[in-house]
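Chain naming here is simple, since letters A, B, ... match the order of the sequence lines and numbering starts at 1 in each.
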Protein chains: 2
Amino acid sequence: MPTLKPASSPGCGDCRARPVCLARDLGPRELARLDAIIQARRTVKRGESLYRANDPFDNIYAVHVGSFKTLIAHGDGVEQVTGFHLSGEPLGLDGICTERHNCTAIALEDSTVCIIPFPLLESLCREVSAMQHQVHRMMSGEIVRGSRLMMVLAAMSAERRLAVFLVNLSERLKVRGYSPAELSLRMSREEMGSLLGMKLETVSRMFSKFQQQRLINVQGKQVQILDFGGLSRIERGCTSLPIAAATG
Amino acid sequence: MPTLKPASSPGCGDCRARPVCLARDLGPRELARLDAIIQARRTVKRGESLYRANDPFDNIYAVHVGSFKTLIAHGDGVEQVTGFHLSGEPLGLDGICTERHNCTAIALEDSTVCIIPFPLLESLCREVSAMQHQVHRMMSGEIVRGSRLMMVLAAMSAERRLAVFLVNLSERLKVRGYSPAELSLRMSREEMGSLLGMKLETVSRMFSKFQQQRLINVQGKQVQILDFGGLSRIERGCTSLPIAAATG
DNA sequence: CGCCTAATTGATAGGTATCAACGCTTGTGG
DNA sequence: CCACAAGCGTTGATACCTATCAATTAGGCG
């Protein structure tokens with residue numbers, strides 16, 4: 001059962017995620033208009049769904065606190081992860097075209113989202129061009145995100161895919177004010193593998209390989225990046241050499 | 001050098017692609033407003049680019065006649081195909097978020113596109129809610145297209161990927177009033193392979209395999225679908241059996 | 001008609017999946 | 001506080017799929 005907070009909960013002005021969210025670049029007047037249509041937040045516990053594929057589409061969401069995975073069901077029972085979503089990132093945009101959600105969104109940890117009723121957002125966009133442009137940018141950004149991932153999946157080895165994933169996650173954490181070197185992975189090896197098109201055993205092997213090369217330090221879900229340059233080189237396709245003798 | 005046609009060229013009302021284009025579901029008054037901002041069409045010869053990655057973003061486009069591929073450059077010189085686009089389908093939406101085009105669009109045959117100046121479209125969307133919603137649906141549709149392809153790339157074998165590709169292309173041709181069984185491929189094996197994450201030799205082998213199984217008939221770029229059910233079964237993951245003895 | 005590119009087919013190598021076993025972490029209850 | 005169970009993660013051996021390299025054939029354009 002979702003928890004609804006009254007509209008009196010703190011608005012976008014106070015939000016830590018604002019610089020990376022829909023509210024980015026809005027002036028105070030426009031921000032107030034946006035705040036007015038975001039009437040509630042919702043809490044989603046770890047493992048629970050925010051919405052499921054084929055649910056009627058009414059709202060889009062912005063992750064406020066926590067993180068989510070999105071899944072597409074896949075003929076039989078197999079679930080394909082299509083993305084991990086951090087604070088400030090939008091959820092539900094894929095539901096606009098069919099009036100039903102096309103994927104399922106599940107919280108990776110106890111999380112809250114801002115509920116944005118889509119018809120109200122459309123009204124606001126007709127009145128406030130800055131808001132309109134921001135929505136367009138957000139949707140365009142999702143399209144670009146998709147084609148990047150497409151490229152990664154179509155053209156890169158498992159090693160490169162994982163390097164891309166780690167560097168990308170690191171950058172997204174950095175923008176949010178977290179350390180780019182200390183990753184606290186909220187998802188399992190299997191979920192990572194699903195997104196990246198490989199099996200969980202392969203994910204694990206690549207982690208071990210990177211650790212042997214002193215690129216990262218892996219401690220289960222805690223990953224420490226030791227060598228950004230090295231990871232970037234792998235990301236760009238420079239094949240890693242065998243490990244040189246380590247200094248003491 | 002692009003050819004520009006005057007605004008007097010036939011508008012969306014007469015367009016064969018209208019049912020699958022931005023103009024879908026618009027009333028006559030709204031259609032006239034859209035026609036008014038589409039001031040020109042542009043001809044792009046086979047192999048030429050409509051726009052290139054990093055070009056300043058001013059317009060989106062709708063394919064009027066012909067077809068395009070979109071590419072992302074890939075670190076070094078490698079080009080990754082991210083989509084094939086038929087009449088009525090949008091081009092350039094990925095440029096909104098950065099004010100620059102994120103990919104390169106190249107005509108697969110002599111083609112024409114409708115030029116839609118994006119600032120004018122945004123203005124129109126603020127006035128005409130049906131137009132606004134249509135734009136949102138179109139962008140959402142692109143997001144869904146991306147995540148579907150992502151799923152195909154992440155989870156399917158080469159055989160299934162090609163089956164998905166053929167069935168998808170067939171459906172898109174059918175909607176446009178062409179025979180769903182007679183595919184005239186405008187792209188090379190290599191370009192198909194790039195989109196689908198496999199090498200051109202593998203594409204070729206899969207074509208031969210499908211032909212042996214009497215699912216399709218391949219004659220270079222002319223492909224005839226003989227057994228939609230069989231292709232769909234492969235698409236859904238039912239492993240194809242060895243060929244039964246053929247009649248006569 | 002001939003050149004050049006695209007496509008097909010074969011042989012082999014390499015990367016990742018699969019199957020299997022073990023170890024670690026986490027949470028629960030005595 | 002410790003014992004135990006269950007799930008997650010790691011590692012190894014092997015098989016399979018697809019890439020790679022190579023040779024040949026077909027097709028398209030000047």
Side-chain angles (χ1 to χ4, degrees), chain A residues 45-47 69 78-81 108-110 152-166 183-213 216-223 234 237 239-240 242, chain B residues 45-47 69 78-81 108-110 152-166 183-213 216-223 234 237 239-240 242:
Chain A
K45 291 230 176 82
R46 178 196 157 117
K69 63 176 175 180
V78 187
E79 289 181 334
Q80 170 65 40
V81 174
L108 291 170
E109 58 196 303
D110 293 355
V152 169
L153 289 166
M156 296 185 183
S157 67
E159 183 184 30
R160 287 181 71 184
R161 290 181 204 181
L162 188 62
V164 169
F165 175 78
L166 291 173
L183 312 186
S184 185
L185 303 175
R186 303 299 187 186
M187 72 295 290
S188 68
R189 300 290 189 260
E190 185 169 20
E191 288 163 337
M192 266 180 269
S194 175
L195 181 77
L196 297 174
M198 50 184 154
K199 293 292 157 183
L200 66 94
E201 293 96 328
T202 306
V203 174
S204 183
R205 279 183 236 275
M206 293 302 143
F207 271 124
S208 301
K209 190 174 179 183
F210 287 166
Q211 178 155 269
Q212 280 189 331
Q213 296 171 217
I216 62 176
N217 222 325
V218 185
Q219 209 59 256
K221 293 193 190 292
Q222 291 298 319
V223 172
I234 288 179
T239 307
S240 55
Chain B
K45 292 231 176 78
R46 177 196 159 116
K69 64 176 174 179
V78 187
E79 289 182 332
Q80 170 64 40
V81 174
L108 291 170
E109 58 196 304
D110 292 355
V152 169
L153 289 166
M156 295 186 185
S157 68
E159 183 183 30
R160 287 181 71 183
R161 289 181 204 180
L162 189 61
V164 169
F165 175 79
L166 291 173
L183 312 186
S184 186
L185 303 175
R186 304 300 187 186
M187 71 295 291
S188 69
R189 301 289 190 260
E190 185 169 20
E191 289 164 337
M192 266 181 270
S194 176
L195 180 78
L196 297 174
M198 50 184 158
K199 292 294 157 184
L200 66 95
E201 294 96 330
T202 306
V203 175
S204 183
R205 278 183 237 276
M206 293 301 144
F207 271 125
S208 302
K209 189 174 177 183
F210 288 167
Q211 178 156 267
Q212 280 191 330
Q213 297 172 216
I216 63 176
N217 223 326
V218 185
Q219 210 59 256
K221 292 191 190 293
Q222 292 298 320
V223 173
I234 289 178
T239 308
S240 56

Under the criterion side chain to side chain contact (heavy atoms under 4.5 Å, CB included), I'd like the reasoning laid out for Phe210(A) against Val223(A): C-alpha separation, chi angles, the key distance, then a yes or no. CA-CA 11 Å; Phe210(A) 287 166; Val223(A) 172; over 6 Å; no
How close or far is atom C1' of dT18(D) from atom CZ of Phe207(B), stated in whole angstroms? 17 Å
Nearest heavy-atom pair of Val203(A) and Met198(A): which atoms, and what distance? CG2-CG, 3.9 Å
Return the value, rounded to whole Å, for the distance between atom CD of Glu159(B) and atom P of dC16(D). 16 Å
From CD1 of Ile216(B) over to C1' of dT8(C), roughly how many Å is that when rounded to an integer? 14 Å
State whether the distance check finds a donor on one side and an acceptor on the other, under 3.5 Å, for side chain Glu191(A) versus base dC8(D). no
Expressed in angstrom and rounded to an integer, what is the separation of Arg46(A) atom CZ from dG27(C) atom P? 8 Å
Compare side-chain N and O positions of Thr202(B) against OP1 and OP2 of dC17(D) and report whether any pair is under 4.0 Å apart. no
Does a distance-only test, which skips hydrogens and angles, find a donor-acceptor pair under 3.5 Å between the side chain of Gln219(A) and the base of dC24(C)? no
To the nearest angstrom, the CG-C1' distance between Leu200(B) and dA23(D) comes to 14 Å
Under 4.0 Å: is that the gap between some side-chain N or O of Lys221(A) and OP1 or OP2 of dG9(D)? yes
If the cut-off is 4.0 Å, is Ser204(A) near the phosphate of dG9(D), judged by side-chain N/O to OP1 or OP2? no
Counting only distance, no hydrogens or angles, is the base of dG10(C) paired donor-acceptor with the side chain of Arg205(B) under 3.5 Å? yes
For the NZ atom on Lys221(B), are there more than 12 heavy atoms of other groups (residues, nucleotides or ligands in this structure) within a distance under 6.0 Å? yes
Glu190(B) has an atom CD; how far is it from atom C1' of dA7(C), in whole Å? 11 Å
Give a yes or no on whether Glu190(A) atom CD has more than 12 heavy-atom contacts from other residues, nucleotides or ligands under 6.0 Å away. no
Just to be sure I understand the rule, does Gly193(A) reach a base, reach only the sugar-phosphate, or reach nothing, if contact means heavy atoms closer than 4.0 Å? nothing
Starting from C1' on dT18(D), measure out to CE on Met156(B) and report it in whole angstrom. 18 Å
Proximal nucleotide (of dG9(D), dT8(C), dA19(D)) relative to the Arg189(A) side chain: dG9(D)
Nearest listed nucleotide, side chain of Glu201(B), among dC21(D), dT18(D), dT11(D): dC21(D)
Expressed in angstrom and rounded to an integer, what is the separation of Lys209(B) atom NZ from dG10(C) atom C1'? 16 Å
Can you find a side chain N or O atom of Ser188(A) that sits less than 4.0 Å from OP1 or OP2 on dG7(D)? no
With a 3.5 Å distance limit and no angle check, can you tell me whether Arg186(A) reaches the backbone of Leu108(A) through a side-chain donor-acceptor pair? no
Should Ser157(A) be listed as having a side-chain N or O under 4.0 Å from OP1 or OP2 of dG15(C)? no
